[in-house]
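Below: the structure, in structure tokens.
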Amino acid sequence: MKTLSVAQMKTVEKNAVSLGVPYLELMENAGIGCARKIAQKYYVINKSVVILCGRGNNGGDGFVIARKLYEKGANVTIVLCQGQPQTKQASYMFPLLEQVNVDVLKIESDFSLILFKIKQADFLVDAIFGTGFHGYIEGPIHQILERANASFAKRIAVDIPSGINGDTGKPGLICFHADCTLALASYKKAHQKTSVPEYLGELELIDIGIPPEAYDGMDLEVIDITPELIKNNLPTRKEESNKGDYGKLLNIAGCVGMGGAAIMCTQSALHSGAGLVTLACVKSVVQSAFHKIMEATTIPLEENHFGTMSSKNQTVLLNKLKTVDACVLGCGLGNDEEVQASIIELIKSCEIPMVLDADGINAVASDINIVTQAKCKLVLTPHPGEMARLSGLSIEQIQNNRVKTAYDFAREHKVVLLLKGHHTIIATPDGTVYRNLTGNAGMAKGGSGDVLAGMIGSFLAQGLTPEQAAITGAYLHGLAGNLCAQKYTQYAMSATYLIEEIPTAFKICLN
């Protein structure tokens, strides 16, 4: 599924019409799909539903939703927030409300009653602006949105919450705060902006019947990672097998003060199916960590005066790289000059697939040619700050165009690039871009990235391609995070709790 600009979405709709799907049918399909999704997610029979409608086609979608929710047993009130509908399609749908028992309130004559209805509502549906918002909201609509945001009702936005620009994702002075946003036909650019998750709530995609050919010519297709895709990626476990059949992973990680990164990365790799995991880490950390990673083998490394790995370890590490199937490099290694030099030499010498994370990324930021010229297949897993150091872009530039940033970097440097954040983006050297929709804000804590690196490394060791390993790791990592949040809340969950949920995440995907 492609992520489109507002203008591209209009072009796709025109293409659909030329392919034989009229605008009225698209609007009817949108309303039916939204009402169906609302009724699937929530119990609406005899519940009070207030639908805030604008004068454009988003309002027309709202009129259809009103009819369909009434048919499902809801008590529905329409609020005309901008007067009578103005577009051809919305004007056609509005009189059809006479067929059902739906109250229609007008902002200019029923304002006090509207505020009361909003306060008493069980559900509020925002169908005021959709992708058509620009400028700012003032006057009665501003007051209506204030009352809506203060309501205890479940709040559902149609396409994009009112007050948010459909392309930039920039919120205005006031925006509808949705618990759930129903994106119509395709995700819009605003849906992937990090400035808007608090306004979107849970994001759902609604099929409105646009033929696939209508999307021809739209750039930068983004593929949403699905459970089916992950299940197909997971390697088969054979009845007659041994640990050597499932890959050997070397994890070069940790230093004094950052031993947890080494432990969590190793633990997540052990929980993700690799046959044998070896942690190469400074002696003091290995000695204290052994009881937490008993299934792993270890290589105690010599330390320098910073408590990081000494360059004296290079021969041992280079020899070990020749005996394993994949490597994770960088979690909590430190960033002194000796470590950076060691990392660069390891990358240049490595011939097996490698995950480059954290301090591994920082080590190559000053000379990106090290990545481009590497002999091994690389998966880079930067957060936005690390991506800024890699690309020379500002964090704001990256966050405002995450898909293109990842796409451009992966293509130019011939790596798989996993850009962390809300809706993690994975881009491949051939221009394929994936978006991961699992995960939650509770994962924004120290150690989550180390867990992800270990999972991806484990999948590489088991023979998955870098592309498969990255998307599989991202999806299961986010799913484990969601399970963790359900059990502990987003506030109390931690990266170590997340690791405990990896087995359940596998179980869900495999069933």
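Atoms considered below: every heavy atom in the structure, side chains included; atoms not considered: hydrogens, waters and symmetry mates.
One N or O on the side chain of Asn149 and one on the backbone of His177 form a donor-acceptor pair closer than 3.5 Å. A donor-acceptor pair is defined here as one N or O able to donate and one able to accept, closer than 3.5 Å; such a pair exists between the side chain of Lys445 and the backbone of Tyr491. Side-chain N or O atoms of Asp179 include one that pairs as donor or acceptor with a backbone N or O of Arg155 at under 3.5 Å. Asn165 contributes a side-chain N or O that, together with a main-chain N or O of Thr168, makes up a donor-acceptor pair within less than 3.5 Å. Judged by distance alone, the side chain of Ser458 and the main-chain N or O of Gly454 form no donor-acceptor pair under 3.5 Å. Between the side chain of Asn58 and the backbone N or O of Val158, at least one donor-acceptor pair lies under 3.5 Å. The backbone N or O of Asn401 sits less than 3.5 Å from a side-chain atom of Thr405, completing a donor-acceptor pair. A donor-acceptor contact shorter than 3.5 Å is absent between the side chain of Glu501 and the backbone of Leu498. With hydrogens and angles ignored, the 3.5 Å screen pairs no side-chain donor or acceptor of Ser241 with any backbone N or O of Asp245. Here the side chain of Asp359 pairs no donor or acceptor atom with the backbone of Cys331 at under 3.5 angstrom.
A salt bridge does not link Lys487 to Glu500: none of the charged nitrogens lies less than 4.0 Å from a carboxylate oxygen. Look at Glu302 and Lys312 and you find no salt bridge, because none of the NZ, NE, NH1 or NH2 atoms lies under 4.0 Å from a carboxylate O. Ion pairing of Lys420 with Asp357 is present here, as a side-chain N (NZ or NE/NH1/NH2) and a carboxylate O approach within less than 4.0 Å. Of the charged side-chain nitrogens involved, none lies within less than 4.0 Å of a carboxylate oxygen, so that Lys248 and Asp325 do not count as a salt-bridged pair.
In this structure, the side chains of Pro382 and Leu417 come closer than 4.5 Å at one or more pairs of heavy atoms. Using a 4.5 Å cut-off on side-chain heavy atoms (C-beta onward), Glu204 and Thr181 make no contact. Here the side chains of Lys414 and Lys377 are not in contact, with every heavy-atom distance at 4.5 Å or above. The side-chain heavy atoms of Gln314 and Leu346, taken from C-beta on, include a pair separated by under 4.5 Å. Under the 4.5 Å side-chain criterion, counting only non-hydrogen atoms from C-beta, Leu182 is in contact with Cys180. By the 4.5 Å heavy-atom criterion applied to side chains, Cys265 and Val451 are not counted as neighbours. In this structure, Asn15 and Glu13 have side chains that are not in contact, with every pair of non-hydrogen atoms separated by 4.5 Å or more. Looking only at side-chain heavy atoms (C-beta outward), Ile456 and Thr381 come within less than 4.5 Å of each other.
Under 3.5 Å, the side chains of Glu338 and Asn304 contain a donor-acceptor pair of N or O atoms. Side-chain atoms of Tyr475 and Thr226 include no donor-acceptor pair closer than 3.5 Å. In the model, Asn482 has no side-chain atom that pairs as donor or acceptor with a side-chain atom of Thr438 under 3.5 Å. No hydrogens or angles considered: a donor-acceptor pair under 3.5 Å links the side chains of Thr278 and Thr297.
To the nearest 0.5 Å, atoms CG (Leu279) and CG (Leu250) are separated by 8.5 Å. The CG atom of Leu483 sits 11.5 Å away from atom NZ of Lys507, with the distance rounded to the nearest 0.5 Å. To the nearest 0.5 angstrom, Asn313 atom CG is 14.0 Å from Lys320 atom NZ. Remark: Asp207 CG to Ile32 CD1 distance equals 11.5 Å, nearest 0.5 Å. Distance OG/Ser394 to CE/Met387: 12.0 Å, rounded to 0.5 Å.
Around CD of Gln40, the count of heavy atoms belonging to other residues, nucleotides or ligands within 6.0 Å exceeds 12. No more than 12 heavy atoms of other residues, nucleotides or ligands sit less than 6.0 Å from atom CD of Glu396. Crowding of Tyr497 atom OH: a count of heavy atoms from other residues, nucleotides or ligands under 6.0 Å not exceeding 12. At most 12 non-hydrogen atoms from other residues, nucleotides or ligands lie less than 6.0 angstrom from NZ of Lys292. Counting heavy-atom neighbours within 6.0 Å of Lys375 NZ, excluding the residue itself, gives a total above 12.
Minimum heavy-atom separation, Ala388 to Ile395: CB-CG1, 4.0 Å. Looking at every heavy atom in both residues, Gln462 comes nearest to Ala274 through NE2-N, 3.4 Å. The shortest non-hydrogen separation linking Cys327 to Ile252 is SG-CD1, 4.0 Å.
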List the steps and the verdict of salt bridge (Lys or Arg N to Asp or Glu O under 4.0 Å) for Lys188 and Asp159. CA-CA 8 Å; Lys188 315 307 183 296; Asp159 220 3; 2.8 Å; yes
For Ile398 and Leu419, run side chain to side chain contact (heavy atoms under 4.5 Å, CB included): C-alpha distance rounded to whole Å, both residues' side-chain angles, the deciding distance at 0.1 Å, then the answer. CA-CA 10 Å; Ile398 291 166; Leu419 180 55; 4.0 Å; yes
Would Leu390 and Ile368 count as a side chain to side chain contact (heavy atoms under 4.5 Å, CB included) here? Give the steps. CA-CA 7 Å; Leu390 283 174; Ile368 199 63; 3.6 Å; yes
Lys41 vs Glu202, test: salt bridge (Lys or Arg N to Asp or Glu O under 4.0 Å). Steps then yes/no. CA-CA 11 Å; Lys41 291 178 69 66; Glu202 189 177 357; 2.9 Å; yes
Could you give me the CA-CA distance, side-chain angles and deciding distance for Arg389 and Ser366, then say whether side chain to side chain contact (heavy atoms under 4.5 Å, CB included) is met? CA-CA 8 Å; Arg389 292 190 283 277; Ser366 60; over 6 Å; no
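Take Gln340 and apply the side-chain contact (heavy atoms from CB on, under 4.5 Å) test, not counting sequence neighbours, and it matches Asn335, Ala363.
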Would you list the atom pairs, donor with acceptor, under 3.5 Å between side chains in residues 464-472 and any protein atom, with sequence neighbours excluded?
residue : atom : partner : partner atom : Å
Thr465  : OG1  : Gln468  : N            : 3.0
Thr465  : OG1  : Gln468  : OE1          : 3.4
Glu467  : OE2  : Tyr434  : OH           : 2.4
Gln468  : OE1  : Thr465  : N            : 3.0
Thr472  : OG1  : Asn233  : ND2          : 3.1
Thr472  : OG1  : Gln468  : O            : 2.7

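Ring geometry, Tyr187 versus His191: the interplanar angle exceeds 60°, so the pair is classed perpendicular (tilted spans 30 to 60°).
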